[in-house]
Amino acid sequence: MKISLCTISFRHQLIGLKDIAFWARDNGFQGIELWGVHARNQPPLAIHNAQWMASHGLAVPMISDYLPLHDPDLLRDRTLALCAQARTWGAGKMRTFAGQQASAAATPDERRQTIRALREACVIAADHGLRLLVETHPGTLADSLAATCGLIDATNHDSLAINFDALHVWEGGDDPVEARRILLPRIAHYHLKNVSARDRLDVFAPGNVYSAAGSRDGMVPLFEGAYDYTRLLAAMAQDPACEASLEWFGDAVFQTLKSDNAQIRTRIRQAVPETAEAV
């Protein structure tokens with residue numbers, strides 16, 4: 001399994017990509033998932049680019065951004081720009097969200113517009129040899145297993161894939177292990193995080209997460225939370241091509257990422273001892 005850290009974890013800290021990359025390399029990460037804002041704001045002639053990171057054993061597996069599926073006039077230009085960023089960084093995957101309405105609350109027109117926009121973005125992604133990943137997330141058309149399956153069927157495009165956020169799948173009332181089994185042909189990436197209790201899941205609401213003054217109460221290390229990752233990690237360990245990112249939004253970023261990554265490695269070795277050398 002290849003594990004990346006997310007630069008969104010450093011959204012409120014003055015730390016450069018060079019220092020993040022050196023730290024990631026020295027602490028057992030294989031990649032850096034770039035937040036779209038960070039990808040767009042790297043100088044075009046920067047020395048610390050994709051080639052430089054590759055020389056240090058790091059890849060950029062995915063750029064995580066937010067396409068304006070609700071705005072047809074902006075969608076094409078923003079999707080083309082995201083494809084250009086992905087190509088610049090050598091990322092084969094681009095992450096977005098499936099609209100701004102929960103599946104149960106979306107009107108038929110809103111659902112049709114989102115699906116039409118996703119299909120258009122997928123066509124553009126395919127033209128650039130890329131995949132567009134929709135994240136399993138509350139408040140979108142991928143907020144439950146049933147809704148996600150329906151979205152995949154309705155969009156009907158081979159370039160559409162899933163960024164499987166296990167905690168949000170659990171939040172939606174589904175068993176992540178079973179959901180993974182069903183969605184597996186479409187899962188291209190995983191986001192891993194945890195929460196202290198189900199009633200604290202609102203700590204991950206975008207308005208709170210992106211605010212420098214937002215609460216971090218309830219954000220906990222991966223193996224100290226309400227969702228038990230044991231079975232899911234054991235299943236993921238069977239797939240040597242599996243790629244995941246630790247998505248940490250709380251404080252003590254370096255300490256938490258280092259500890260979580262080390263514990264994931266230990267658990268994978270325990271789950272699949274014969275592949276320990278390949279992990």
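Just so you know, residue 1 is the first one in the sequence shown, and it goes up from there.
Grouping the Ile, Leu, Val, Met, Phe, Trp and Tyr side chains by contacts below 4.5 angstrom, directly or via other members, places Ile124 apart from Leu67.
Ring geometry for His56 versus Trp52: interplanar angle of 30 to 60°, hence tilted.
For the pair Thr140 (side chain) and Ala142 (backbone), a donor-acceptor distance under 3.5 Å is present. Judged by distance alone, with hydrogens and angles left aside, the side-chain atoms of Ser211 form no donor-acceptor pair with the main-chain N or O of Gly207 at under 3.5 Å.
Under the 4.0 Å criterion applied to side-chain N and carboxylate O atoms, Arg131 and Asp158 are not assigned as salt-bridge partners. Under the 4.0 Å criterion applied to side-chain N and carboxylate O atoms, Asp65 and Arg95 are not assigned as salt-bridge partners. For the pair Asp165 and Lys193, the salt-bridge criterion is met [side-chain N within less than 4.0 Å of a carboxylate O].
A donor-acceptor contact closer than 3.5 angstrom is absent between the side chains of Glu110 and His70. No side-chain donor-acceptor contact under 3.5 Å links Arg78 and Tyr66.
Both the sub-6.0 Å distance and the 45° axial angle are satisfied by Arg267 relative to the ring of Phe223.
Cluster partners of Leu133, using a side-chain heavy-atom cutoff of under 4.5 Å among ILVMFWY residues and allowing indirect links, are Met62.
Exactly one of Phe10, Phe22, Phe29 qualifies for a ring-ring contact (aromatic ring centres under 6.0 Å, His included) with Phe254. That residue is Phe10.
Residues Lys2 and Cys242 have side chains not in contact (no heavy-atom distance under 4.5 Å, counting atoms from C-beta outward).
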